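Since the model is a prediction, treat every value here as computed from it, not as a measurement. The sequence lines fix the lettering, A, B, ..., with proteins before strands; numbering per chain opens at 1.
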Amino acid sequence: MSIVRVALDVPLPKLFDYLAEGAGRADIGRRVIVPFGQRRQVGLIVELAQASEVPAAQLKAVIAIDRDLPPMPAEWLKLARFAATYYQHPLGATLLSLLPPALKRLRPPRAEAPTAYVLTAAGLAHIPEINPRAKAQRQLAERLQQGPLPVSEAGPWRGQLRLWHRTGWVEAAETMPASPATPSAKPELTPDQAAALAAVRAAPAGFAAWLLHGVTGSGKTEVYLRLIEEALAAGRQALVLVPEIHLTPQTEAAFRNRFPSARQISLHSGLADGERLRVWRACLDGRVDLVLGTRLAVFTPLNRLGLIVVDEEHDASYKQQEGLRYSARDVAVWRARQLDIPIVLGSATPALETWRNAARGRYRRLELSARAHAEAVLPAVKLIDTRVDRPRLGLSASLIRALQDRLARGEQSLLFINRRGYAPTLYCNACGYVVPCPRCSAHQVLHRKGEKFELRCHHCGLLTRPPEVCPDCGSPDLRPAGQGTQRLEETLATQFPEARILRIDRDTASRRGAFAAMREAVNARAVDILVGTQIVTKGHDFPHLTLVGVLGADQALLSPDFRATERLFAQLMQVAGRAGRAGRPGEVLVQTGYPGHPLYRALQAHDFARFAAQMLKERREMEFPPFSHQALLRAEAERIDVALAFLDKAKQAGLALARQHGVSLFDPTPALLARVARRERAQLLVQAGSRGHLQDFLGPWLEAVRGLPARTLKWSIDVDPLDF
DNA sequence: AGCACGCCGACT
DNA sequence: GTCGGCGTGCTC
């Protein structure tokens, strides 16, 4: 009787042994259903064993091995094991969280009816044999030869398609139907692009990590496309990671137009379970050439992977903030190394970690310095000193003049303000009281809803009606304080009654398709002034935009988070890149009370290298990443002292180990946002000089932490944390 | 994580 | 006298 070692979705760092008659090597990586305690669980076979340490009498037998699905490949299991180990997450919980949700259900889900069909090789071979009198069949075959046929367009052919599906002449098309039959034209390469491509081509085959550094508009995408083209031509697959779903539709279309014959899929958390399963299955079967997706796509099982691209590699959304807290960028680099293939990390403002890796020669840097359109020059960045030119309702006189200019010339402007809602707070003019969220350590944000106002907490979602009088002193003189996108929109409407204004933030762009519609409106010049949060900074071209105004940027400079400046710089570079793309020079006006700040100087010079050098110098002095490696033990409880006491015990339990491994344990502190939804959060920082030391320490330490009583609290470990 | 077992307060 | 509170301990 064989014994299989099964990974289960339980928070225990161990495998469970089961008897499985007739199980063999071919079952490693297969889904199983096993009895577990009083219930049944879905698991994954990860090893075979001759004997078990568990007494034979306690071993139960597997209920079923799912052989309908190909086993998860060894490479994938290895990748998942790495992630589990590196991010200190139980292997079972890791593996099961990486499967499509549908496969975690006990009842192996039936693959849903396809939404489109393609001809199989067998189907193609069958075509000549179709009876010439069977007109409908001939027509259908002809149509299928032109490409995938969506069921929605199949009309009366539906029955025939189902029949052919059963005979194997057609199959479900996981890949989106290619739009044009002929690939879109390849633009001519700029010298920088050509040089970058030449460098990659000249490198010996195998693993290499490339940092493609180029400002917005310098044509990074074209470099990706050429490299993908070569990978596809060599019969390999390409995996392209992008930060967020908003980005996928247009990137998706660009890729499909360029590689109409490639089988392309998109993978992100917005997909319905059935769709996600189908796409996954297609990858597992090797029926996909090009995968475009958000962070979770880094774990797609692919057997011919030849190239990985991580676009906007600095973006924080690559880091998962719960469960397995992985960084898709870092996992991608590991995967490329494991598969011995190249990986390209692209950004105008690389993460300082990445920049330093390039400086140390671990990654190789490729520079795109010029904008792809020769006539498009980098925008001039000017600072408006708000100590002199005091903004009224957020707008300085200089910014108003600049807006007037664009309106007069029929050009578009964008005002960037990273605060949604009407005003960040509602305060009492008599006593200074500010309405707090009763459940979080944060102020409630004033939102306008039609003619009415409401208070919302951006952390826990609490929605309340604004008080009529100050809850503290009874004064009726309550006022909005500061600016949000809604209020700015309102101010602009009074200031420029003739202007067409559009606000883009999470509140207006969250509806499906809303974002695309707004982008279209802007491109059709149905908008004069755009007001937006960071959502507008992400990879969208607005060709008629010549002015970008930045409001409220200083806030990040005062943040206690040591990465806040890095993020602000990236955001400002990105938003500046929106201005002046179609030959007209763009202008960026930043309102600030600190015009002498080095961040702004570097921004004016469009000099990332200078900014990075400054930041790295500071980081080195402070022994912050990338000059150290961190992990955060987070704890949350109903009371902060409970969380802090737990962390203190954890610290005591780790002191000896820490000394032994040369690792520093800091004192437990309340989190920057100490209370969210009535839960008090605290954290303990672990810092080490190298990844190795940190890793060596974390394993045994967490084992000890797991033994600590933690009845009324939840804790988790975050390796390479981004948020504090 | 679930789920059962187990020992102390207000109810048909 | 029971129903049920959630403390603690285990799951191959």
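Both A:Q38 and A:K714 lie near DNA chain B, and the one whose nearest nucleotide falls closer to the 5' end is A:K714.
Dashed line: the shortest gap from a side-chain N or O of A:R5 to OP1 or OP2 of C:dC12 is not under 4.0 Å.
To the nearest angstrom, C1' of C:dG7 lies 15 Å from CG of A:L713. Nucleotide B:dA1 holds its P atom 10 Å from the CG atom of A:D9, rounded to whole Å. Atom pair A:F36:CZ and B:dA1:C1' shows a separation of 9 Å (rounding to whole Å applied). Regarding A:L59, its CG atom lies at a distance of 12 Å from the P atom of C:dT11, rounded to whole Å. A:L15 has its CG atom 16 Å from the P atom of C:dT11, to the nearest Å. Residue A:K14 contributes atom NZ, which lies 7 Å from atom P of C:dT11 at whole-angstrom precision. As rounded to whole Å, 16 Å separates atom C1' of B:dG2 from atom CZ of A:R40. Summarising the geometry, the separation between CG on A:L96 and P on B:dG2 is reported as 13 Å, rounded to the nearest angstrom.
Distance alone, capped at 3.5 Å, places no donor-acceptor pair between the A:R681 side chain and the A:E636 backbone. Put simply, the side chain of A:W76 never gets that close to the backbone of A:T300: no donor and acceptor are under 3.5 Å apart. With A:Q534 contributing its side chain and A:Q571 its backbone, the two residues share no donor-acceptor pair below 3.5 Å. Between the side chain of A:D340 and the backbone N or O of A:F207, at least one donor-acceptor pair lies under 3.5 Å.
In this structure, the nucleotide among C:dG7, C:dC12, C:dT11 sitting nearest to the side chain of A:L12 is C:dT11. Among B:dC3, C:dT8, C:dC12, the nucleotide with an atom closest to any side-chain atom of A:R711 is C:dT8.
Using a 4.0 Å heavy-atom cutoff across all strands shown, A:P35 reaches sugar-phosphate atoms only and no base atom.
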